[in-house]
Number of protein chains: 4
Amino acid sequence: MPRAVREQQMMDAAVRTFGQRGYRAASMDEIAELAGVSKPLVYLYLNSKEELFTACIRREAQALVAAVQAGVEVGAAADRQLSSGLGAFFAHTASNPDGWAVLHQQARTHGEPFAAEVAAMRDEIVAFVTGLIGAAARETHGDSDLLQRDVAGLAQALVGAAESLAAWANDAEGVSAKEAAATLMNFAWAGLGNLMRGERWVPSSR
Amino acid sequence: MPRAVREQQMMDAAVRTFGQRGYRAASMDEIAELAGVSKPLVYLYLNSKEELFTACIRREAQALVAAVQAGVEVGAAADRQLSSGLGAFFAHTASNPDGWAVLHQQARTHGEPFAAEVAAMRDEIVAFVTGLIGAAARETHGDSDLLQRDVAGLAQALVGAAESLAAWANDAEGVSAKEAAATLMNFAWAGLGNLMRGERWVPSSR
Amino acid sequence: MPRAVREQQMMDAAVRTFGQRGYRAASMDEIAELAGVSKPLVYLYLNSKEELFTACIRREAQALVAAVQAGVEVGAAADRQLSSGLGAFFAHTASNPDGWAVLHQQARTHGEPFAAEVAAMRDEIVAFVTGLIGAAARETHGDSDLLQRDVAGLAQALVGAAESLAAWANDAEGVSAKEAAATLMNFAWAGLGNLMRGERWVPSSR
Amino acid sequence: MPRAVREQQMMDAAVRTFGQRGYRAASMDEIAELAGVSKPLVYLYLNSKEELFTACIRREAQALVAAVQAGVEVGAAADRQLSSGLGAFFAHTASNPDGWAVLHQQARTHGEPFAAEVAAMRDEIVAFVTGLIGAAARETHGDSDLLQRDVAGLAQALVGAAESLAAWANDAEGVSAKEAAATLMNFAWAGLGNLMRGERWVPSSR
DNA sequence: CATGAATGAGCTTTCATTCAT
DNA sequence: AATGAATGAAAGCTCATTCAT
């Protein structure tokens, strides 16, 4: 069996094991067995547990970014692009929960080098969302004095909310990717509108 | 030294170690040393690593719930109660990062029993928030058909958005934590209002 | 059983195993079993294979130096001191072949840090021998123009020869420590006499 | 490329690796890579690590013996033959340190079979030297009762002394290798003369 | 002739846990 | 109430060795 194929099998097994057991609790023995190969072969191809983990992170990050980009309705209005991207994001994480767990839970909690790998992907997504929100603002409400920083903050909040909801939607039965995306769009849109109108929440008098 | 005090010292050490190293990477040796006691004593008082972890989760969960409940301005309008509760939540997690890491990152990724412990706490908070939101809904908009699930999703999204904003505010120069919190409340309140009024985002035609 | 005693047992086993199998071929499993303890205890007390090896080297080096110093006839003429020291050296290495193998064969061939440990001991012995040879020269032949460097070279050669002979005498049956020492004294004394008389070997004419 | 050449390349790589890393630490992987061939080819030609090691020992032993034999001035006086033989020995070992390490350090410490291989070579050299010394004895001092064992001991001592002097000459500034070699021959010839004349060192009275 | 693919066995090291005192 | 002493079990990693092609 050619090396490239074997490597993918190993990484499939590794993502599943890392995602379900956690980085530390996942044993190379288990990964090898799940991949249907011997342990030395895993080391021969992927060198060490750390490198294997890094390879998983990179592969899953690229897959996620690719899924989101493929989901965006190019040419549509910015809000629809955002909404379809969110839908693709929720759909991908829902259909690939172990990969999402690796990125969201494992990579961020086991050392700077791993976290940096995910941070790069996240920055890419945030930049993409920031661009969309800015475009949406111009399209929907015309030019405004919306500050760059406000848009950036909103994008950060939106991405964070989406990440958090992804984990939750996977657990709670009956929440579809589309529903989750719609709920989030409601928030984002409302928040965006308020920001542009300069309306901020002020506490009630009582 | 009385047993109760010793136990708290051990749990302090355990929370710090679990939070920083992760459940698996934390060793009983390190915890005992950090607590300034011998390892057998840790076992005498807390029986096993799992039970020690469970005890930490429970203590930190109760502390968090207590902090939130203590933070709400009783008798104020519902929005102010929500706002003050959120403030207390963020203040507590920020000042107690190891405890929050134990609840948020460790407990959820190391087996059903631990996750259940945290879920119970979250349900308690969600119920509390649901009550507040219900009151707010009646006060501000009359009756509404807000579902429990919507509120839970909102809570989840809020936490994710808050974490994301916190990290961003720390990194980006010139963005204060206060501004980030304001953005968040703004975001939450606007979205909540929309949800309660039954106003939902509808896609642009293009 | 108190820690100090156990540690000596472990080092006894380690010296024997390192001496007979070699550093790499010696397994911590075998050492632990030979010492009658479990492997983790070896690690608890001696930290790692490298540190265990270092501890063995240090102990055996000190034992050898002590044996030689104890064997020297204090107050006797320099040549007798040298002879008795050599005898003690051969006797010690013969009765403790594993220790000698650790110092002479293993420590020198497994990395700078280990070799340095033995080099320090060797320098001590060489200095001692250099002093004796100098004294012997003055006693036996009166003052001469013997150069410091010649004495040092002779001492180096003598110690090297002794080290080499020790390994050989252990293998060949029937060579006693005294015989080996006497043989070596013959060489050393003859060489010393020649050096002092300025007589050097010159090739035959044919 | 013909088999014989390939085999020599592999053995070159093996001698270098065995000499520098030691028998156990040397890996077949490294040897194959250094030889520029694939691992199975090494096995096809040389069967196993043990056989490869044995082949190296044999080749290096023959090379050493050949170098010594080629170095002696045939027809010269016995002392000159001995001197030239010693010179050739030191020249060869100095210019081929890995081979010498294999013979002197590795082969003797990794099991009877390997040690026996070297012992055979040593016996050959010792027999050769014994012949020379016997001739020298007859030439210079008439018949003597020199035992084979004495000669073997002398050879052993000489090697040790030479190694020690070489290391010392390398370290100590201002001592040339030639001076050290002269000291050694001086030492050897004087001691040898004493032995052959039956003159032995006798302890001082004090 | 030569190699990419693959593995059984063994190594050093760590950890949660217990017992005798 | 508290600990020094001790271990079974398992983890990450490496290595000599073999096949199918």
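First the proteins, then the strands, lettered A, B, ... as listed; each starts at 1.
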Next on the checklist: Which is more 5' along DNA chain E, the nucleotide nearest D:L44 or the one nearest A:A4? Just name the residue.
Outcome noted: D:L44
Next on the checklist: Just to be sure I understand the geometry, which residues of residues 45-59 of chain B put a non-hydrogen atom under 4.0 Å away from DNA chain F?
Outcome noted: B:Y45
Next on the checklist: I'd like to check A:L41 versus A:M10 (side-chain heavy atoms, cut-off strictly below 4.5 Å). Are they in contact?
Outcome noted: yes
Checklist entry - Any stems for DNA chain F, made of 3 or more Watson-Crick or G-U pairs in a row, each with both distances under 3.5 Å? => result E:2-21 with F:2-21
Item to check | Segment of DNA chain E, first to last nucleotide, that comes within the 4.0 Å heavy-atom reach of chain C | outcome: E:dC11 to E:dC15
Next on the checklist: Does any part of the side chain of B:M121, heavy atoms only, come nearer than 4.5 Å to the side chain of B:I57, both counted from C-beta?
Outcome noted: no
Item to check | Over 12 foreign heavy atoms within 6.0 Å of CZ, D:R24 | outcome: no
Checklist outcome for this item: Sequence neighbours excluded, the answer for ring-ring contact (aromatic ring centres under 6.0 Å, His included) partners of C:H110 is C:Y23
Next on the checklist: Considering only residues two or more places apart or on different chains, which pairs with a residue in residues 8-19 of chain D satisfy side-chain hydrogen bond (donor to acceptor under 3.5 Å, both in side chains)?
Outcome noted: D:Q8-D:R59, D:D12-D:R59
Checklist entry - Got a sec, which residues hit side-chain contact (heavy atoms from CB on, under 4.5 Å) with C:T109, two or more places apart in sequence or on another chain? => result D:Q105
Checklist entry - Which atom pair, heavy atoms only, marks the closest approach of A:A107 to A:F114? => result O-CB, 3.5 Å
Checklist outcome for this item: The side chain to side chain donor-acceptor pair (under 3.5 Å) partners of D:N96 (sequence neighbours excluded) come to D:E60
Checklist outcome for this item: Quick note, side-chain hydrogen bond (donor to acceptor under 3.5 Å, both in side chains) partners involving residues 43-55 of chain B, not counting sequence neighbours, are B:N47-B:E51
Next on the checklist: Closest-nucleotide mapping onto DNA chain E: is D:S38 or C:Y43 further toward the 5' terminus? I mean the 5' end.
Outcome noted: D:S38
Checklist outcome for this item: Note: C:G19 and C:V102 closest approach over all heavy atoms is N-CG2, 3.7 Å
Would you tabulate the side-chain donor-acceptor contacts of residues 30-39 of chain C under 3.5 Å, counting partners in other chains and residues two or more places apart, or write 'none'?
residue, atom, partner, partner atom, Å
C:E30, OE1, C:R21, NE, 3.0
C:E30, OE2, C:R21, NE, 3.3
C:E30, OE2, C:R21, NH2, 3.0
C:K39, NZ, C:D29, OD2, 3.3

Checklist entry - For C:H104, what residues pass the side-chain contact (heavy atoms from CB on, under 4.5 Å) criterion, not counting sequence neighbours? => result C:W100, C:R108, C:E163
Checklist entry - For B:Q106, which residues count as a side chain to side chain donor-acceptor pair (under 3.5 Å) partner, sequence neighbours excluded? => result none
Item to check | Sub-4.0 Å heavy-atom contacts from residues 6-32 of chain C onto DNA chain F, ordered by number | outcome: C:R6
